[in-house]
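To start, the structure itself, in structure tokens.
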Amino acid sequence: MGFCSLVQRPLEESSSVEEVSNLLKHDNWQYLMESSDISNKLNPDIIQSILHHQVSISNNSAGRLLHFFYWSEQRLGIPQKLNSFSILVIYLCNSKLFGPANGLLERMIQTHLSPLENLHSIVSSFQEVSGGATSAGDGKNMVIDILIDTYNKMGKLEESVEVILGIENAFYFPSLRCCNSLMKDLVKVNKLSLFWKVYDKMLEMKIERRSSDAKLILGEMVEMGLKPNHVAYSTLIDGFMKEGNVDEAFRVKKEMVASGIQLNRITYNMLVGGLCKRGRVEKAREILSEMDHLGWESESHTYNMLIEGYCRERNSSMAFEVLDEMTRKNLLPTVVTYSVLINGLCHSGDFSQASRVLDDMVRRGLKPNAVIYTNLIAGHCREHRFQDAIKVLEGMSEKRVAPDVFCYNSLIIGFCKDGRMEEAKPYLVEMVAKGLKPNAYTYGAFIHGHSKAGEMEKAGSYFTEMLNHGLFPNDVIYTALVDGYFKVGQVQEAILVFRTMIDRGILPDVKAYSVLIHGLARNGEMQEAMRVFSEFQEKGLVPDVYTYSVLISGFCKQAEIGKAFELHDEMCRKGVDPNIVTYSSMIDGLCKSGYIERARELFDSIPGKGLILNGFTYAAIIDGYCKSGNIMEGFRLFSEMPSRGVLPDRFVYSALLDGCCKEGNMEKALNLFQEMVGKGFATTLAFNILIDGFCKLGDLEEAQRLLADMAFQKIMANNVTYTTVMDCFCKAGKMKKAREIFLIMQENKLMPNTVTYTSLMHGYIKTGNTQEVFALFDEMKKNGIKPDELTYGLMVDAHCKEGNLLDAFELRDEILQKGMPVTSTTYDALIDAVSEKEEFSKALSLLNEMGEQGLKPTLDKCRNLICKCHGAGNLNEATTILAAMVKFGWVQDITSVNDFVGGHQNNANDEGSKKCVSETA
């Protein structure tokens with residue numbers, strides 16, 4: 001919601017606001033207002049509306065608005081409204097006018113005495129300025145800092161503390177400098193209880209470097225003759241422990257003891273808890289022994305922390321040992337004890353032991369809560385034990401424990417992560433029927449699951465339902481949607497979702513930007529990916545190795561090796577170390593661009609960089625060698641892999657299989673394929689490679705056998721499989737069999753694509769069945785499949801063969817309008833057709849188009865056209881056509897019409913004729 005829309009005002013007020021706003025545009029605004037009756041219309045409400053309006057459109061300088069504010073207050077003789085102060089002080093700070101802002105805040109404090117009211121007014125004004133987002137300009141923290149500093153200068157330290165304690169969102173918390181200054185002032189006047197309240201609030205708000213700064217202030221207290229008490233030292237120890245600075249916490253402990261203050265149970269628990277969270281459980285046991293030695297009786301809470309520490313280390317035997325020690329000391333395990341133990345066992349995958357602990361808990365008269373059941377359900381789901389998870393959920397009612405949202409969410413999230421959204425759906429229905437409200441995590445699970453599966457319509461449906469229930473998606477949900485839309489090729493939809501996330505005030509993190517960049521790169525949108533990459537860095541985010549690798553891979557796939565290496569050099573300069581994925585992508589790119597030697601150099605250098613070669617790296621270099629015709633080196637590397645500790649995967653096998661097929665060595669290919677079958681690597685891709693190999697050799701029988709074998713092994717054939725076999729039948733002129741394959745493909749729920757239709761149409765053209773070509777073209781467009789330049793070329797050829805030159809030229813125009821290239825074969829068909837009708841001027845026009853587009857006709861096409869023209873008695877036109885051929889460099893400038901005609905009459909392939917033609921590369 002925009003800032004102005006938050007203020008509703010009647011028409012007469014709106015008129016006054018507009019009138020004053022117009023006057024404020026002039027340098028002599030004060031004279032204009034004083035010489036009119038507008039000043040009589042002013043009141044605090046209208047002034048507040050004027051400030052709202054002026055700030056929202058940033059139409060005037062902050063200094064002018066401040067002058068207007070004081071002038072109008074003097075005219076009215078009464079104080080301004082609190083929100084008027086707030087909105088103006090924010091505007092002053094955003095304009096870097098901190099001195100005037102301080103003066104205005106002093107006036108605000110004198111006029112409106114309540115610190116909390118002042119704070120809440122400033123915070124709400126920030127939210128209005130930003131439209132509800134958590135960002136409102138650079139002056140945000142400065143306003144709060146100046147407010148607190150102003151209270152301090154006025155000697156109102158308690159009010160300063162009240163402001164800090166009243167802040168609910170860390171986004172509005174004052175700076176570390178401001179907090180330290182206040183804490184020093186509190187120490188000076190010996191208000192230590194307020195000092196520790198501020199310190200605790202800093203802990204709560206997670207202000208960085210809090211404990212070290214507090215320790216410095218503690219040192220100042222000692223220098224001033226003030227003795228820190230037990231609370232001061234304990235709070236410092238707790239702070240350092242929460243920061244993970246264990247050594248500093250123990251130094252404070254040592255100082256505490258040296259100053260004559262003994263640790264109590266609370267302080268010891270702080271040490272035990274902090275050590276356990278940092279994985280130093282044995283040291284925590286030592287602290288427990290020290291605690292016992294000094295006579296402090298341990299409690300269940302202390303032992304619970306130790307049990308949780310051992311559970312984190314997956315050391316269940318020691319966790320049970322602590323439990324036994326606890327019972328020997330007559331400390332009864334609590335619900336928390338059992339909850340921690342069961343959760344730890346679930347994370348270790350020991351569900352039978354977790355169930356026994358649960359039974360023991362019930363036997364001792366303790367009632368398990370929903371948290372314990374949630375941990376059990378989540379644990380089973382992590383191990384894909386969904387039936388056990390369901391039994392736990394259903395068993396809750398027997399124990400008279402009502403499942404809550406978290407219990408259901410654990411099961412739903414587990415199912416969705418496993419791609420079983422339909423099995424999760426009944427539990428969403430069940431939880432709603434029980435009066436439980438699904439939250440963002442519930443819907444997020446479905447959205448993430450369907451997005452991952454590419455089921456974007458269902459993902460969008462849950463997203464809409466989520467919004468309708470008043471729930472706000474977080475960055476994780478938006479990122480899942482963006483990734484999902486990219487996976488199904490809906491690039492614009494993915495970008496729209498990403499921009500919507502930003503518009504709604506959710507700031508994308510590194511992962512969200514990386515998903516966007518990856519999606520754009522994966523879909524070939526490298527220019528847009530680089531634009532987003534620049535935006536990403538402008539926002540102060542630091543790209544990681546994943547982001548760089550995605551971009552490098554994208555450029556490599558587009559054979560833009562130079563740009564890929566530029567990014568590699570940039571990441572190295574910025575201290576981001578390339579990983580094996582980065583180098584594998586670069587090797588793959590070099591191989592695909594024909595730089596096999598450079599690729600090998602990079603491949604050989606990888607161990608020296610401290611990286612381990614993997615299957616993808618080997619697959620890239622082996623594929624490069626196979627495609628460059630050096631299959632022997634590919635097999636040599638394949639043999640080397642086990643000695644390097646890398647087992648060949650299906651990608652390596654597929655690269656070698658493709659190499660064998662391209663070499664025509666089908667016997668070796670079949671042997672390799674049988675090895676793949678034995679290892680479980682016989683994928684759709686492997687079958688497609690082998691089928692394509694046999695099809696290229698015209699072995700239709702073997703291709704059909706492999707297609708049947710796929711069905712037998714329950715390996716799904718795809719568009720490529722069926723199109724390859726169908727194309728082979730088309731080339732053999734067996735159109736009936738080709739049509740059968742075309743229909744079987746559709747029966748198996750596979751939609752023919754542009755390549756499929758074009759292949760079948762080409763087969764019908766070769767057999768002279770142009771009517772089938774026209775029918776397929778109509779069917780194709782009806783099914784929403786867009787023809788490409790090859791499809792259009794076939795249609796032009798078909799119309800030319802039928803003598804439909806008008807339709808043929810209309811299609812040629814349609815190709816040009818769509819921005820597609822007109823192929824040489826299309827021009828050849830048109831030139832042949834117009835030549836048959838002796839429309840040589842049109843033929844000349846088409847030749848000129850070809851030349852301007854960088855295309856050239858074949859030698860036979862040039863000869864036939866000249867001969868037809870000459871044979872029809874059009875010598876002048878023949879000469880003009882020859883001149884065009886010379887102009888575009890298709891024939892030598894010494895060539896004459898007689899050279900073509902003579903060559904044609906004697907022998908179309910006569911050596912003398914060929915010498916007259918220069919076939920330019």
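Just so it is clear, the structure is predicted and the values come from calculations on it, not from any experiment. Just so you know, these numbers use all the heavy atoms, side chains as well, and skip hydrogens, waters and symmetry mates.
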- Quick one: does Ser95's side chain have a donor or acceptor within less than 3.5 Å of a partner on Leu97's backbone? no
- Message: Take a 6.0 Å sphere around CD of Gln110 and say whether it holds more than 12 heavy atoms from other residues, nucleotides or ligands.
- Response: yes
- May I ask you to say whether Lys283 pairs ionically with Glu286, meaning some side-chain N is under 4.0 Å from a carboxylate O? yes
- Note on the structure: dist Ile109:CD1 -> Leu147:CG (nearest 0.5 Å) comes out at 5.5 Å
- Ile50 versus Leu42: any side-chain heavy-atom pair under 4.5 Å? yes
- Message: So which atom in Pro473 and which in Ile506 form the shortest heavy-atom distance, rounded to 0.1 Å?
- Response: O-CD1, 3.1 Å
- Leu23 and Trp29 have their tightest heavy-atom pair at O-CB, 3.2 Å
- Is the closest side-chain donor-acceptor distance between Asn152 and Ser181 under 3.5 Å? no
- Query: Which pair of heavy atoms, one from Leu471 and one from Ala440, lies closest together, and at what distance?
  - Reply: CD1-N, 4.0 Å
- Query: So does Glu535 have more than 12 non-hydrogen atoms from other groups sitting under 6.0 Å from CD?
  - Reply: yes
- Heavy-atom closest pair (Val163 atom, Leu119 atom, distance to 0.1 Å) is O-CD2, 3.4 Å
- Query: Do Lys253 and Glu290 sit within salt-bridge range, that is, some charged N less than 4.0 Å from a carboxylate O?
  - Reply: yes
- Message: Whether the side chain of Arg64 engages the backbone of Leu24 through a donor-acceptor N/O pair (distance < 3.5 Å, no angle test) should be reported.
- Response: yes
- Item | Short side-chain to backbone donor-acceptor contact, Ser86 and Ser125, under 3.5 Å | no
- Query: Could you walk me through whether Glu158 and Val161 pass the side-chain contact (heavy atoms from CB on, under 4.5 Å) check?
  - Reply: CA-CA 5 Å; Glu158 291 184 8; Val161 174; 5.7 Å; no
- Message: Does any part of the side chain of Lys197, heavy atoms only, come nearer than 4.5 Å to the side chain of Leu165, both counted from C-beta?
- Response: yes
- Flag if over 12 foreign heavy atoms under 6.0 Å of CG, Leu116: yes
- Under the side-chain contact (heavy atoms from CB on, under 4.5 Å) rule, what do Val405 and Asn439 come out as? Steps first, then yes or no, please. CA-CA 8 Å; Val405 174; Asn439 58 23; 3.6 Å; yes
- Note on the structure: Which of Glu117, His120, Gln48 passes side-chain contact (heavy atoms from CB on, under 4.5 Å) with Leu82? It is Glu117
- Which pair of non-hydrogen atoms, one from Val401 and one from Pro368, has the smallest distance, and what is that distance? CG2-O, 3.2 Å
- CE of Met305 to OH of Tyr310, rounded to nearest 0.5 Å, is 13.5 Å
- Message: Can you confirm whether or not the ring centre of Phe498 sits under 6.0 Å from the ring centre of Tyr513?
- Response: yes
- Item | Ile167 backbone acceptor or donor facing Lys201 side chain under 3.5 Å | yes
- Query: Within a radius of less than 6.0 Å around OH of Tyr70, do more than 12 heavy atoms belonging to other residues, nucleotides or ligands occur?
  - Reply: yes
- NZ/NE/NH1/NH2 to OD/OE distance under 4.0 Å, Lys277 and Glu308: no
- Query: Is the distance between the ring centroids of Phe85 and Phe69 under 6.0 Å?
  - Reply: yes
- Message: Applying side-chain contact (heavy atoms from CB on, under 4.5 Å) to Glu325 and Leu288, what does each step give before you reach the verdict?
- Response: CA-CA 12 Å; Glu325 183 183 324; Leu288 180 63; 4.1 Å; yes
- Message: Could you tell me if Lys329 sits above the aromatic ring of Tyr303, with its cationic atom closer than 6.0 Å to the ring centre and no more than 45 degrees from the axis?
- Response: no
- Item | Validation row: Gln537, Pro543 side chains within 4.5 angstrom (heavy atoms) | yes
- Message: With rounding to the nearest 0.5 angstrom, report the CG to CD1 distance, Leu271 to Ile266.
- Response: 12.5 Å
- Task: Would you confirm whether Ser84, through its side chain, and Gln80, through its main-chain N or O, come within 3.5 Å as a donor-acceptor pair?
- Result: no
- Message: Quick one: does any side-chain atom of Ser121 pair with a main-chain N or O of Asn118 as donor and acceptor, under 3.5 Å?
- Response: no
- Message: Using 0.5 Å steps for rounding, measure from the SG atom of Cys178 to the CD1 atom of Ile144.
- Response: 9.0 Å
- Query: Should we count CZ of Phe250 as having more than 12 external heavy atoms under 6.0 Å?
  - Reply: yes
- Are the side chain of Ser339 and the backbone N or O of Val335 linked by a donor-acceptor pair below 3.5 Å? no
- Message: I'd like to check Thr374 versus Asp404 (side-chain heavy atoms, cut-off strictly below 4.5 Å). Are they in contact?
- Response: yes
- Message: With heavy-atom distances below 4.5 Å as the criterion, would you say the side chains of Ile447 and Met466 are in contact?
- Response: yes
- Message: Checking side-chain polar atoms at under 3.5 Å, does Glu299 have a donor or acceptor matched by the opposite partner on Asn269?
- Response: yes
- Message: Within the 4.5 Å heavy-atom criterion, are Arg107 and Glu73 side-chain neighbours or not?
- Response: yes
- Test Arg285 against Val322 for side-chain contact (heavy atoms from CB on, under 4.5 Å), laying out the working first. CA-CA 10 Å; Arg285 293 287 295 270; Val322 173; 3.7 Å; yes
- Query: Do you know which two heavy atoms are closest between Leu541 and Pro508, and how far apart they sit?
  - Reply: CD1-O, 3.8 Å
- Task: Would you mind reporting whether Lys574 and Val542 have side-chain heavy atoms less than 4.5 Å apart?
- Result: no
- Below 4.0 angstrom, N of the basic side chain to O of the carboxylate: do Glu106 and Lys156 qualify? no
- Message: Just verifying a value: how many Å separate Ile164 CD1 and Glu162 CD, rounded to the nearest 0.5 Å?
- Response: 11.5 Å
- Is a donor on one side and an acceptor on the other found under 3.5 Å between the side chain of Trp71 and the backbone of Leu66? no
- Message: Between Thr337 (side chain only) and Thr334 (backbone N and O only), is there a donor and an acceptor less than 3.5 Å apart?
- Response: yes
- Query: Looking just at side-chain N and O atoms, do Thr267 and Asn264 make a donor-acceptor pair shorter than 3.5 Å?
  - Reply: yes
